[in-house]
Amino acid sequence: MRAVVTGGAGFLGSHLCDRLLAEGHSVVALDNLITGSTDNIAHLGGNESFHFIKHDVTDHIYISGPVDMVLHFASPASPFDYLEHPIHTLKVGSLGTHKALGLAKEKKARFLLASTSEVYGDPLVHPQTEDYWGNVNPVGPRGVYDEAKRFAEAMTMAYRRYHNLDSKIVRIFNTYGPRMRLRDGRALPAFMSQVLENKSLTVFGDGSQTRSFCYVSDLIDGIYRLLMSDQSGPINIGNPDEVSILEVAKEVLAAVGSDNPIEFKELPVDDPKVRRPNIEKARELLEWEPKISRQDGLVQTLDYFKTKISK
Ligand code: UDP
C-alpha cells in the first residue's frame, strides 16, 4: 500500500516511516521541518519506496497517484516546542488535520490521527480510560496543544460520521527513544543531555508528578496494529509503568553512574500531576502490550544521545 505520513521527519513520524517500509509499503513523508529534521530520514535516501516532500500541511496537500493510508503525525509535541510555536501548533492540529482528512477523503484512503494523552489534561480519573472526557484548561499555555488535538479528534469523528471515512484515532502517551532532540525540553531528553554534559538535572516542582514512559518501538508496534485492524478507537497506546519524575531523574543518573546534583525548578503552569494509560482496550482489541522495560529503553536511548553529544 502507499502511505502518506505527515510529520514524517519527526521523532515518531520517522520511526513510523521505517516500520511502514519494513512492512513492504511505500511512503511519502511530508514535513515543514519546524521541529522535524532530515537527519531522521537520511538513512532512507536512495530507498525507491520512500519520498520526502518539504511541505507545511496547513496548506493544501497535493499528492499525485493513489494513496491508501494517510497518517497525520505532524505537530510540535513537547511543551517547550508548542509554547514557542503556539499558533503553528493550533494550526497544524486544526487546519492541518482538515487538509490531511481532505486528502484521505479524496483518495478514499484510510486515515489515522496521532492524538495524545493531553486530551485528558490534568486528569481527575486515574489511570486514564478512553471514555474519560478530560480536564483541560482551554486558556492556559498548554491549551494550544490540548485543544488543537481535541479539535482534531472531533474533526476526525465528523469525517467518519459524515463522509464515512475509514478513520482511526490513537492517543499516544509519553514516548521516548532515539531521534528525540537533545534540547526538545521534554523530561527524558533534558535529563539525558544534562547527565551526559555533566550538568545538574532540572526537575520541575518537587518531582512527585508522574508519567508513564513508553519506548518508541513498542509505541510504533501498537500504532501499526491499530492501522491494520478493523478498530477505529480512540485507543490509548502507552506503557502503564508509572513513575515519578524525580524517580526517573534518579534512574537516568544511575544508568550512567553519575552523581550530578538534581536542581528543583518551578513547575510549569497546568503541568498534569499524574498520567498513566489504561491499556485494556489495546490489549483486548489489538493484542498489544509494551515489551521494553524502562531500564532497557533508557540504556538504548542514552546510547543514541551519546552519539549526538559527541558530535
Ligand atoms: N520535567 C522536568 N524537567 C525537565 C522537563 C520536564 O521535571 O527538564 C517534568 C515536567 O514538568 C512534567 C514531566 O517532567 O511534569 C514530563 O514533562 P515532558 O515535557 O516530558 O512532557 P509532558 O508529559 O508534560 O507533556
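Everything quoted here is computed from the prediction, not taken from an experiment. Each ligand, and each atom within it, is numbered from 1 in the order the structure gives.
Here CD1 of I279 is found 7.0 Å from CG of N239. Values are rounded to the nearest 0.5 Å.
Not a single heavy atom of P189 sits less than 4.0 Å from an atom of ligand 1. The shell of residues lying under 4.0 angstrom from ligand 1, judged by heavy atoms, excludes F80. The shortest separation from a heavy atom of R275 to ligand 1 is under 4.0 Å, placing the residue in contact. The shell of residues lying under 4.0 angstrom from ligand 1, judged by heavy atoms, includes P268.
Taking a 6.0 Å sphere around NZ of K91, one finds it holds 12 or fewer heavy atoms contributed by other residues, nucleotides or ligands.
When non-hydrogen atoms are compared, ligand 1 lies under 4.0 Å from neither the backbone nor the side chain of E263. At a 4.0 Å heavy-atom cut-off, ligand 1 does not touch K265 at all. At a heavy-atom cutoff of 4.0 Å, ligand 1 is contacted by no atom of L188, backbone or side chain. Both the backbone and the side chain of R186 come within contact range of ligand 1, each with a heavy atom under 4.0 Å.
Protein heavy atom in closest approach to atom 3 (N) of ligand 1: T202 O, 2.5 Å. With respect to atom 16 (C) of ligand 1, the closest heavy atom belonging to the protein is R211 NE, 3.7 Å. Among all protein heavy atoms, the one lying closest to atom 10 (C) of ligand 1 is D271 OD2, 3.3 Å. Looking only at heavy atoms of the protein, atom 13 (C) of ligand 1 is closest to I245 CD1, 3.5 Å. Of the protein's non-hydrogen atoms, R142 NH2, 3.1 Å is the one closest to atom 25 (O) of ligand 1.
The ligand atoms of ligand 1 that sit less than 4.0 angstrom from a heavy atom of N174 are 21 (O), 22 (P), 23 (O). Interface atoms of ligand 1 facing A190, defined by a heavy-atom separation under 4.0 Å, are 8 (O). The V203 neighbourhood of ligand 1 comprises atoms 7 (O), with distances under 4.0 Å to a heavy atom of that residue. The atoms of ligand 1 that sit less than 4.0 Å from any heavy atom of E118 are 25 (O).
If you check each of F264, Y176, F204 against atom 2 (C) of ligand 1, the one with the closest non-hydrogen atom is F204.
Counting heavy atoms from C-beta on, the side chains of V125 and N135 never come closer than 4.5 Å. Counting only heavy atoms from C-beta outward, the side chains of I309 and L196 approach each other to under 4.5 Å. Residues R275 and F173 are in side-chain contact: their nearest non-hydrogen atoms beyond the backbone lie under 4.5 Å apart. Using a 4.5 Å heavy-atom threshold, the side chains of L112 and H72 count as separate. Between K149 and E118 the shortest side-chain heavy-atom distance does not fall below 4.5 Å. The shortest distance between side-chain heavy atoms of V274 and P123 falls below 4.5 Å. Between I169 and I235, every side-chain heavy-atom pair lies at or beyond the 4.5 Å cut-off.
Partner of D241 under the salt bridge (Lys or Arg N to Asp or Glu O under 4.0 Å) criterion, chosen from R294, R211, R276: R294.
For ligand 1, one of its N or O atoms has an N or O atom of Q209 under 3.5 Å away. At least one N or O atom of A187, backbone or side chain, sits closer than 3.5 Å to an N or O atom of ligand 1.
Of the N and O atoms on the side chains of S14 and R179, at least one donor lies less than 3.5 Å from an acceptor on the other residue.
By the side-chain contact (heavy atoms from CB on, under 4.5 Å) test, F204 is found to be paired with T202, Q209, K265, L267, P268, residues two or more places apart in sequence or in another chain being considered.
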